[in-house]
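Below you'll find the structure, written out as structure tokens, and then a few comments.
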Amino acid sequence: MSIDDFDLDKYLFHQGNHYHAYEFMGAHPEPEGKIRFITWAPKADHVQLACDVNDYTGRGMDFERLGDNGLWIFRSGELSIGDTYKYRIHFDGTSHLKSDPYGFYHEIRPATASIIHADEFEFTDDAWLNRRSGSNVYRSPISIYEMHMGTWMKHEVTETEGLTDDELTDLAHYSYRETAEELIPYLREMGYTHVEFLPLTEYPFDLSWGYQVTGYFSATSRYGDPEGLKFLINELHRAEIGVIMDYVPAHFCRDDHGLRLFDGTPTYEHPDPRIADKRQWGTLTFDYGRPEIQSFLISAAMFWFREFHVDGLRIDAVHSMIDLNFENHEPHEKIYNSDGTEVNREGVSFLKKLNTAVFAYDESLLMMAEDSSDTPMVTSPVDAGGLGFNFKWDLGWMHDRLSYMDKDFSDRDYFHNRMTFSLAYKYHENYVLPLSHDEVVHGKKSIVGKMYGDQWQQFAQARLLYGSQVSEPGKQLLFMGQEIGMYHEWKDKEQVDWHLLDYPYHRTLKRYVQSLNGLYRANPEFYRADYDPDGFRWLVVDDKVHSVFSYVRRSGAEFKVCILNYRPVAYHDFKIPVPSPGTYREVFNSDSTEFSGSGVTNPGRHFSFDEHHIRENQHIKVTVAPLAFQVFEIENNPDGGF
């Protein structure tokens, strides 16, 4: 291909509208046997290819300009697939080495070179993709298992002499292919519909968990090559499990080989240091208003959809992208728009453009916002004035629930509204109810550890919490290890405490989560109308004395009555309103002895009765179990009730 053959690519790239920029940027084998390299360094005086051939000096491998807007091109017949390389960027009398921002594969840390790569993996997941394209994600069950691949399960390393910490870590890691062998049967056993991986894009520092990225187009080499990750995703799809990956367009790390000062000046980062600097994380913010950055970030998202077949992206730290003063709390630090607002308009415009591009490609994909702000219309379509995501994490729900359930039982009447507040805004967005990694790390305790009371009460409340998560409107997410009741919070250097399954409480909690997922998937009442106000109705909402709540979930004429008791006492002959006259029976109870509960259940049938001879005012009397989640259904339901 001649330079002129790239005219359309150049035009789209510099307009911010090249959504497959990785197809011409970076390193690509060409038919005549050469490797073509293209990079973007607009302020560079000179660019060279640094590799083993020239001892990484760049000598004899000089790029030429590809147009007038900072693109550079070089072709080499001396390198081949598998060779390593960097770019030597010259600016203002100095030079520095950079990894390829569009590199498809990188050396394993602490090495930082890019690797010329061209994989030939062939997916065999057409059946999954066809089913996905015909589905309605809002009316489908979505139960997500969130996990960090490096610490889900590890090999035991016995020979350690002479090995560095990084080498020990890498020996313990399961590869992508090994993970497939262990993870897929586990997810199928547990009944999850999706798995969400903490970032798998290349990153230098293990304890950033992947949230400080250097290779936006590169599967991290910690767990193998890109074909290994494709194999894992392909096999998950063949097992009918969807794949979500965390994606981080909010910021990037400052490591010298990465994007910072790429051409010697702010290139990928915002030129205003007040906006660029994310002090809290020690990272830099992208310049979202720059067209080439838009092409880069949107192409990266599309890369994982098109080339790796992921089903969804969870966009990290959205709040930091849309708020000019995300970290500026002091008056002298504040940044304002000309009209006095504090919205990062370029960040907002970028997110709208990203979501528009993704859903133009495939409407069945998932775009999830991890957003801690109160910005409205995050999950409204762009053409209706929204940001264009189809789901948002309900962080308020998570914080309210957890801050209620660590309280003494006798004090819970004072905090009653924390259990009801999220339902007041429930239909403002399309929510996912998360119990995520962020809440079980850095001294925050595990889920079981957060629960008030003795050991039995803690496990009972974990079952109760998970029952409320599954039965309230919204999809749900649970971080690894919490399904077995880990006592320790997430230890980000060690594997999940699988040995706990030798003990009854942990073994039965795992069985409970498995049964809960089965209940959820088997009953459309719990997912078909998550975002329809007709799908949820309070039955008991203001009983502060007993800390009992009840609501109905419905799908069309079918419904389930849910009862939740947040005190460690049983209530007998407790009156619960029901939607329709008839005979009710208990179909699920977290207090069952099967789950290490106390065995307070409701065998037999429960006949509804009216109050004051009003047919629409129906009730049943049941035994409400201690610290329990219970589900009742009607037999022979003729009309669906109110």
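When a residue number appears, it is its place in the shown sequence, counting from 1.
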Relative to the ring of [Y], is the ring of [X] parallel (under 30°), tilted (30 to 60°) or perpendicular (over 60°)?
X: Tyr268; Y: Phe296; result: perpendicular
X: Tyr425; Y: His428; result: tilted
X: Phe391; Y: Tyr138; result: tilted
X: Tyr288; Y: Phe286; result: tilted

Using only atom types and a distance under 3.5 Å, with no angle test, would you say the side chain of [X] pairs donor to acceptor with the backbone of [Y]?
X: Asp371; Y: Lys392; answer: no
X: Ser175; Y: Glu178; answer: yes
X: Gln514; Y: Glu189; answer: yes

* Apply ring pair (Phe, Tyr, Trp, His ring centres under 6.0 Å) to the pair Tyr531 and Tyr431, showing each step before the final yes or no. => CA-CA 8 Å; Tyr531 310 110; Tyr431 284 114; 8.3 Å; no

* **Test ring pair (Phe, Tyr, Trp, His ring centres under 6.0 Å) applied to Tyr527 - qualifying residues, sequence neighbours left out** =>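 Residues passing ring pair (Phe, Tyr, Trp, His ring centres under 6.0 Å) with Tyr527: Tyr520.
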
SB check [X] [Y] (cutoff 4.0 Å):
X: Asp170; Y: Arg109; result: yes
X: Arg254; Y: Glu269; result: no
X: Glu525; Y: Arg553; result: no

* Asked: What residue pairs, at least two apart or across chains, pass salt bridge (charged side-chain N to carboxylate O under 4.0 Å, His left out) with a residue in residues 215-237?
  ->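 Residue pairs with at least one partner in residues 215-237: Asp119-Lys230, Glu202-Arg222, Asp206-Arg222, Glu235-Arg238.
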
* Answer yes if the side chains of Thr285 and Lys278 hold a donor-acceptor pair under 3.5 Å, and no otherwise. =>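 The criterion, which ignores hydrogens and geometry beyond distance, is satisfied for Lys278 and Thr285.
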
* Asked: Taking the six-membered ring for Trp, are Trp281 and Phe326 ring centroids under 6.0 Å apart?
  ->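 Yes: the rings meet the under 6.0 Å criterion.
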
* ring pair (Phe, Tyr, Trp, His ring centres under 6.0 Å) partner of Phe303, chosen from Phe104, Tyr216, Tyr247 ->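 For Phe303, the ring pair (Phe, Tyr, Trp, His ring centres under 6.0 Å) check succeeds only for Phe104.
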
* To do: Report the C-alpha separation of Glu146 and Arg314 in whole Å, then their side-chain angles, then the decisive distance to 0.1 Å, and conclude whether the salt bridge (Lys or Arg N to Asp or Glu O under 4.0 Å) test is met.
  => CA-CA 11 Å; Glu146 185 192 34; Arg314 176 262 200 186; 5.2 Å; no

* **Least distance between heavy atoms, Trp152 atom then Leu183 atom** =>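 Result for this residue pair: CH2-CA, 3.6 Å.
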
* To the nearest 0.5 angstrom, please state how far the OG1 atom of Thr201 sits from the OH atom of Tyr211. =>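 Going from OG1 on Thr201 over to OH on Tyr211, the span is 10.0 Å.
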
* Arg139/Asp532 under salt bridge (Lys or Arg N to Asp or Glu O under 4.0 Å): CA gap, chis, key distance, verdict -> CA-CA 10 Å; Arg139 292 174 58 80; Asp532 179 352; over 6 Å; no

* By side chain to side chain contact (heavy atoms under 4.5 Å, CB included), which residues pair with Arg401, not counting sequence neighbours? ->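 Counting only residues at least two positions away or on another chain, Arg401 forms a side chain to side chain contact (heavy atoms under 4.5 Å, CB included) with Trp397, Met419, Ser422, Leu423, Leu465, Ser468, Glu472.
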
* Look at atom OH of Tyr361 and say whether more than 12 heavy atoms of other residues, nucleotides or ligands are closer to it than 6.0 Å. =>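 Atom OH in Tyr361 is packed in, count exceeds 12.
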
